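Below is one structure, written out as structure tokens; the observations come after it.
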Protein chains: 2
Amino acid sequence: MDPMTTPAAHAPRAPVTRKDVARYAGVSTAVVSYVVNRGPKKVAPATEAKVQDAIRVLGYRPNAAARALKLGSSETLGLVVPDISNPFFALFSHAVEDAAADLGYALVLSNSDGNLAKERRNIRNLAARQVDGVLLASVLFEPDLEVLETADIPSVLLNQERDAPGFNSIGVDLAAGARIAVQHLIGHGHTNIGLAMGTNVSDSTDGREVGWREALQEAGLPEGPIVYSAFTRPGGYLAGQRLLASVNRPTAIFATSDMQGIGLLRAIHEAGLAVPGDMAVASFDGSAESEYSWPPLTTVEQPVAVMAEAAVAALVGASRGEKPRHRIFPTQLHVRQSCGCP
Amino acid sequence: MDPMTTPAAHAPRAPVTRKDVARYAGVSTAVVSYVVNRGPKKVAPATEAKVQDAIRVLGYRPNAAARALKLGSSETLGLVVPDISNPFFALFSHAVEDAAADLGYALVLSNSDGNLAKERRNIRNLAARQVDGVLLASVLFEPDLEVLETADIPSVLLNQERDAPGFNSIGVDLAAGARIAVQHLIGHGHTNIGLAMGTNVSDSTDGREVGWREALQEAGLPEGPIVYSAFTRPGGYLAGQRLLASVNRPTAIFATSDMQGIGLLRAIHEAGLAVPGDMAVASFDGSAESEYSWPPLTTVEQPVAVMAEAAVAALVGASRGEKPRHRIFPTQLHVRQSCGCP
DNA sequence: CTAGGCTATTGACTCGAGTAGATCCCGGTG
DNA sequence: CACCGGGATCTACTCGAGTCAATAGCCTAG
């Protein structure tokens, strides 16, 4: 440390700019830029050393706002999710942040709390902040593309099963995933399989419902009871209570999210039934929580990390003029014990 | 091209600037600023109407980067957490985002993944991005304040039990919370209470360990076995296996986080024991997951929303020159069933 | 010894918005 | 009629960094 006097701890230190570095190093400001950005012109090694030194001594950090202004890019991506405290979105956010950080982008997070007006506000807000792209996990199943269009930012629709022409979108093959899970349940000998379906504002039927139905039909089984409720733990709990009380009580249930699966388990336990003995369960998402429930949930895993990377790549590609596209990823069944496997 | 047809959907529309608005409205750029910011000078109502009109027609959005450059503030806060997919931090992030949004701030999220080097990088990165403040949930229990000092940004240390002079910090009374939980367990008649302690890089003892010990001493009970492991589900699982195998197996366990509590439950279930019959459990945090485990966990709830608000307020206060301070919040015991209550 | 050809460096302009200071225009006074 | 007050508006500079065109050295070939 400097043996001389240290400056007062809380003196409002003026921010160090490129000019200060230039003066200290005895060069022009242009050279400082060239050193910092390694280009676009070369700098003599000796000069570079002087500049690096000055940067270190003064503790210079380029002002990101100035940079963003000049370059027209803030190196920032926006992520809009319904609720970050939902484990699935938390997982997703983490993966997105990782992918973005790898490419030098920062991530601005905002929650829409299942509220369309808030979702719109958030998008507009991000647009005003000059983010380079928006990743939107809409509260709607058919998001209102208008806001995105008028905001005129590259965007990716997440969790999107169907193609929205002119937009990047990313999703998983819901139907195939659900089918595989229900088939697995059928493989355990179940003939009456219920569905705890998440509610969903859309005209078209959710792929998970389709997959459930298909698997049943293929096996020549009748449709089990369906209960619609929120994609949440309480939603699953409620669905569980209803399903258990239904006239033709199923012996297995497929839940359209892990959160519902968790809620389901609670309802079943409270009814004094055993899982998977009295009631088998399988769910959808593949979150960490599903691994540590009791019993551990057999679940359809979404390739979250891969999807996040693809989403970020699509955004970065869009700013380079690439065409928007719709990508669907495959899921994978994670067999644990709630289905009846040992 | 036909001038009447709409422009090609993906024509790289040039961004609308203040100048465009000024030209369209037939005024100077200064007036546009005055209208947008409602000051610092007055504008005649008629002129204002013209400008508002132009803004609407052209779809003008002020460039946040330019604004940030000129004003030296980006209206942005940074949040650094070890891992957003940990439910506790997810919950916290949500609360922080809410509080920040209420005050017009956006939130930049970054994960440090329990990696000190990454934590430092993230902080520096945020500093370069001119965030107005940083909320830091450090991976260390005694964060290296040096980075924050040299970065010279207002900051708040989260989850901080002890006072770091010159820094804002926010935490809960860990010892008191742990004590209350252990006392509750004692109230159920347990005399051998184990501790699943999260590992913690610090010289001093974690408050939760202190609280556990105090409660035992006060009741004249001997210390039960302690197992140290990560603050995670697998950490708790491991701790559970060890505690169950220990020579003087306890009849109740206090876990220092909900995640550990969840892991504990799994280990106990796998051993074929009943909770709370054979083994009672209580944990710490109050996350949503603890409510839906089986059985639901009795846990010490942290006032996450209040703390988040206080943290954001401290940051905003700091930019106004307020003195840094250390605040400790009380916890509250949430009695559910894992402790033995009906 | 000078022209030519390099390379390293610099000066100066730019991005878009905030705002101080100058200017303009109007009605009202003396 | 000249002058002044005062509100409305405009001109011009600023923030910090990127980068191009111009320049200053300097070495070598002729």
Side-chain angles (χ1 to χ4, degrees), chain A residues 12-52 54-55 58-76 104 127-132 152, chain B residues 12-52 54-55 58-76 125 127-132 152:
Chain A
R13 206 182 313 171
V16 180
T17 75
R18 184 179 66 165
K19 212 146 113 190
D20 302 320
V21 176
R23 191 172 324 126
Y24 186 97
V27 299
S28 77
T29 58
V31 179
V32 178
S33 266
Y34 296 150
V35 169
V36 169
N37 306 332
R38 307 182 186 295
K41 302 223 171 148
K42 286 201 295 188
V43 173
T47 316
E48 160 146 16
K50 274 193 303 183
V51 173
Q52 291 287 18
I55 289 178
L58 301 179
Y60 168 69
R61 307 240 115 232
N63 181 318
R67 217 184 152 93
L69 171 58
K70 189 79 236 256
L71 300 180
S73 149
S74 54
E75 307 270 86
T76 297
R129 284 171 185 277
Q130 320 294 122
V131 298
D132 297 332
D152 197 32
Chain B
R13 204 184 313 173
V16 179
T17 74
R18 185 179 63 164
K19 213 146 112 188
D20 302 318
V21 175
R23 189 170 329 123
Y24 187 97
V27 300
S28 77
T29 59
V31 177
V32 177
S33 268
Y34 297 150
V35 168
V36 170
N37 307 331
R38 309 182 184 295
K41 300 209 175 161
K42 285 200 293 187
V43 174
T47 315
E48 160 147 17
K50 274 194 300 183
V51 173
Q52 292 287 19
I55 290 178
L58 301 178
Y60 167 70
R61 309 234 120 234
N63 181 318
R67 217 184 152 93
L69 171 58
K70 188 77 232 238
L71 299 180
S73 150
S74 54
E75 308 269 84
T76 296
N125 205 308
R129 283 170 186 278
Q130 321 295 121
V131 298
D132 297 332
D152 199 31

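This one's a predicted model, so the numbers in the text were calculated from it and none came from an experiment. Below, chain A is the first sequence line, B the second, and so on; all start at residue 1. Values below: every heavy atom of this structure, side chains too, minus hydrogens, waters and symmetry copies.
With rounding to whole Å, K19(A) atom NZ is found 16 Å from dG18(D) atom C1'. Rounded to an integer number of Å, the gap from R129(B) CZ to dA17(D) P is 15 Å. Between the P atom of dA17(D) and the CD1 atom of I55(A) lies a distance of 10 Å, rounded to the nearest Å.
The C1' atoms of five pairs define one axis at each end of the helix from dC1(C)-dG30(D) to dG30(C)-dC1(D), and these two axes lie 80° apart (to 10°).
Residues that satisfy the side-chain hydrogen bond (donor to acceptor under 3.5 Å, both in side chains) test with S74(A), not counting sequence neighbours, are absent from this structure. Under the side-chain contact (heavy atoms from CB on, under 4.5 Å) criterion, A127(A) pairs with A151(A), I153(A), sequence neighbours left out. The side-chain hydrogen bond (donor to acceptor under 3.5 Å, both in side chains) test applied to N63(A) returns no partner, not counting sequence neighbours.
R18(B) comes within 4.0 angstrom of a nucleotide base, judged by non-hydrogen atoms across all strands. Residue-level contact check: V27(A) touches the backbone only, with heavy atoms under 4.0 Å from sugar-phosphate atoms and none from bases. Contacts of V36(B) with the nucleic acid, taken as non-hydrogen atoms under 4.0 Å apart, are absent. Within the 4.0 angstrom heavy-atom criterion, only backbone atoms of the sugar-phosphate kind lie near V31(B); the bases stay farther away. Backbone-only contact: T17(B) has heavy atoms under 4.0 Å from sugar-phosphate atoms and none from a base.
Proximity of N37(B) to R67(B): side-chain heavy atoms (C-beta onward) are separated by under 4.5 Å at one or more points. Here the side chains of T47(B) and V31(B) are in contact, with some heavy-atom distance below 4.5 Å.
Listed by residue number, K41(B) are the residues of residues 41-50 of chain B with a heavy-atom contact under 4.0 Å to DNA chain C.
Residue pairs satisfying the side-chain hydrogen bond (donor to acceptor under 3.5 Å, both in side chains) criterion with at least one member in residues 23-35 of chain B, sequence neighbours excluded, are listed as follows: R18(B)-S33(B).
In this model, the phosphate group of dG18(D) is approached by a side-chain N or O of N37(A) to a distance below 4.0 Å at OP1 or OP2.
Think of the region where chain A sits on DNA chain C: with heavy atoms and a 4.0 Å cut, that region ends 5' and 3' at dA8(C) to dG16(C).
Comparing P40(B) and A66(A) by the nucleotide of DNA chain C that holds the closest heavy atom to each, the one mapping nearer the 5' end is A66(A). With DNA chain D read from its 5' end, the first of the two nearest nucleotides for G26(B) and P62(A) is the one closest to G26(B).
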Could you give me the CA-CA distance, side-chain angles and deciding distance for V51(B) and V43(B), then say whether side-chain contact (heavy atoms from CB on, under 4.5 Å) is met? CA-CA 10 Å; V51(B) 173; V43(B) 174; 5.8 Å; no
